[in-house]
Amino acid sequence: MLLLQYHNLLIQSILTERFSPDNQPVSIDQVISDFDNVTYHISTPESKTKILISLSIKCFNDLKKYGVDEVLEREYGPYIVNPPEVGYDFSMVVDLEQLPLELEAKEALIEKIALLKRNALAAPFEKAFAQFDELAVEAAKSSLDLSVPEDSGADVMSIHYRDEESIFIKASHDRVTVIFSTVFREETDRVFGKVFLQEFVDARRRALQNAPQVLYSQKEPPLEIRSVPGLKASDDIGFVTFVLFPRHITKDRRENCISHIQIFRDYFHYHIKCSKAYMHSRMRFRVAEFLKILNRAKPDVAEKERKTASGRRFGAR
């Protein structure tokens, strides 16, 4: 399912084809749109053997405050281009004549480039997990009681990744809270969304006690983010809260946790649209069945005898 992938399959397909030694270098100029106002540009402006990959993401200025430059330097250091392509926030270039010789290394490079959006959005999560580690150590040293004030912990990090929607991340000594604000344009979306999120809560109660706690609120924002300046709250906006406890963000689980939680909004609205499409298809099916029943219930209309003005019947000889 393409929507639920956290790496761009189209970029992966293009680079796999271009990196193959069986293919001759060709000119490329392709723009790729992704979810959450993200745009890629893959081109060969200087030479057919040098592929320029550029990324534009709406919240890049927010990400810069939370260490995205360090994360991208760590992941793509030797390939980074400064300054980036005009109109884009980040650019990197790959020289086809200097690719790794091993097939595994080539595939690893392709996958890393396809994860460009994921790695950029990972910066605030990595910072929050680092803050969690520091706060947990400080809490252990000072022997703090578990009843910590609600406003304790690090400052809230805000990532305005869509026009009217944001991600808020707050680290505390015993948890990391991730809050998504999401806009429901229609009343039916609110109904489907509430039912869908209730399943998250019920699933945790029934069989998945180790899953993160999921909370949903509407109109009133969660307590953790009420002090955030410029926060909007209305009937059209809902807030989905994930509470990540220490067992969810152990060292070996953090990367997987980041990859999955940052695509929750797409996952959520995708299922709302699928639910509406299924309901509409069932409604159309029922209407078609009712029409068949009505057509079968129509009585046969007997043909009326037709006469001329003189009284003769049509067809009589």
| field | Sequence neighbours excluded - side chain to side chain donor-acceptor pair (under 3.5 Å) pairs with any residue from residues 21-33 | value | Asp29-His41
| remark: To the nearest 0.5 Å, atom OG1 of Thr39 lies from atom NZ of Lys117 at 10.5 Å
| What heavy-atom pair brings Gln213 and Leu215 nearest, and what distance separates the two atoms? | NE2-CD2, 3.6 Å
| request: Taking atom CG of Asp155 as the centre, report whether more than 12 heavy atoms of other residues, nucleotides or ligands fall under 6.0 Å from it. | output: no
| said: Check the orientation of Tyr161 and Phe180. Use parallel for under 30°, tilted for 30 to 60°, and perpendicular for over 60°. | reply: perpendicular
| Taking atom CD1 of Ile14 and atom CG of Leu9, what is their separation to the nearest 0.5 Å? | 11.5 Å
| field | Donor-acceptor pair, side chain of Tyr66 and main chain of Ser158, under 3.5 angstrom | value | yes
| remark: Smallest heavy-atom separation, Cys59 atom then Leu121 atom, equals SG-CD2, 3.9 Å
| query | Do Asn37 and Asp163 come within less than 4.5 Å of each other through their side chains, counting heavy atoms only? | reply | yes
| Roughly how far, to the nearest 0.5 Å, is CD1 of Ile53 from CD of Glu85? | 10.5 Å
| said: Is the ring pair Phe245/His248 parallel, tilted or perpendicular, if the boundaries are 30 and 60 degrees? | reply: tilted
| query | Hey, is NZ on Lys276 packed in by over 12 heavy atoms from elsewhere, all under 6.0 Å? | reply | yes
| message | Measuring only between side-chain heavy atoms, which start at C-beta, is Cys274 closer than 4.5 Å to Tyr278? | response | no
| Pick one: which of Asp34, Asp89, Leu116 meets side-chain contact (heavy atoms from CB on, under 4.5 Å) with Ile57? | Asp89
| field | Check against salt bridge (charged side-chain N to carboxylate O under 4.0 Å, His left out), Asp133 and Lys251 | value | CA-CA 10 Å; Asp133 292 337; Lys251 298 290 186 182; 3.1 Å; yes
| task | Identify which one of Ile179, Thr177, Val240 satisfies the side-chain contact (heavy atoms from CB on, under 4.5 Å) criterion when paired with Pro222. | result | Ile179
| So, the side chain of Ser166 versus the backbone of Ser181: is there a donor-acceptor pair under 3.5 Å, distance only? | no
| Near Lys106 NZ, under 6.0 Å, is it more than 12 heavy atoms from other residues, nucleotides or ligands? | yes
| request: Show your working on side chain to side chain contact (heavy atoms under 4.5 Å, CB included) between Phe268 and Leu197 and close with a plain yes or no. | output: CA-CA 9 Å; Phe268 180 41; Leu197 291 169; 3.8 Å; yes
| Which heavy atom in Gln262 sits nearest to a heavy atom in Ala122, and how many Å separate them? | NE2-N, 3.9 Å
| Taking all atoms of both residues into account, what is the closest heavy-atom pair of Ile11 and Ala114, and its distance? | CG2-CA, 4.3 Å
| task | Would you check if the side chain of Ser275 reaches a backbone N or O of His271 as a donor-acceptor pair within less than 3.5 Å? | result | yes
| query | Are Glu164 and Arg185 ion-paired here, with the side-chain N under 4.0 Å from a carboxylate O? | reply | yes
| request: Nearest 0.5 Å please: distance from the CG atom of Leu99 over to the CD1 atom of Ile110. | output: 8.5 Å
| said: The test is salt bridge (charged side-chain N to carboxylate O under 4.0 Å, His left out); show your working for Asp36 and Lys58 and say whether it passes. | reply: CA-CA 8 Å; Asp36 305 325; Lys58 182 179 184 299; over 6 Å; no
| Verdict with reasoning, Lys292 to Glu289, per salt bridge (charged side-chain N to carboxylate O under 4.0 Å, His left out) | CA-CA 5 Å; Lys292 290 178 183 178; Glu289 290 299 309; 3.5 Å; yes
| request: Taking Tyr76 for its side chain and Lys112 for its backbone only, find out whether a donor-acceptor pair lies under 3.5 Å. | output: yes
| task | Assert yes or no for the condition that the ring centre distance of Phe264 to Phe242 is strictly below 6.0 Å. | result | yes
| Do Arg226 side-chain atoms and Pro221 backbone N/O form a donor-acceptor pair below 3.5 Å? | yes
| task | State whether the side chain of Asp189 and the backbone N or O of Phe184 hold a donor-acceptor pair below 3.5 Å, judged by distance alone. | result | no
| Any chance the rings of Phe90 and Phe60 have centres within less than 6.0 Å? | no
| task | Would you please test Ile159 and Ile169 for side chain to side chain contact (heavy atoms under 4.5 Å, CB included) and show each step? | result | CA-CA 8 Å; Ile159 304 99; Ile169 309 172; 3.9 Å; yes
| query | Does a side-chain N-to-carboxylate-O contact under 4.0 Å join Glu187 and Arg190? | reply | yes
| message | Tell me if a side-chain donor or acceptor on Arg254 pairs with a main-chain N or O of Glu126 at a distance below 3.5 Å. | response | no
| N/O donor-acceptor pair under 3.5 Å between Thr44 side chain and Ile28 backbone | yes
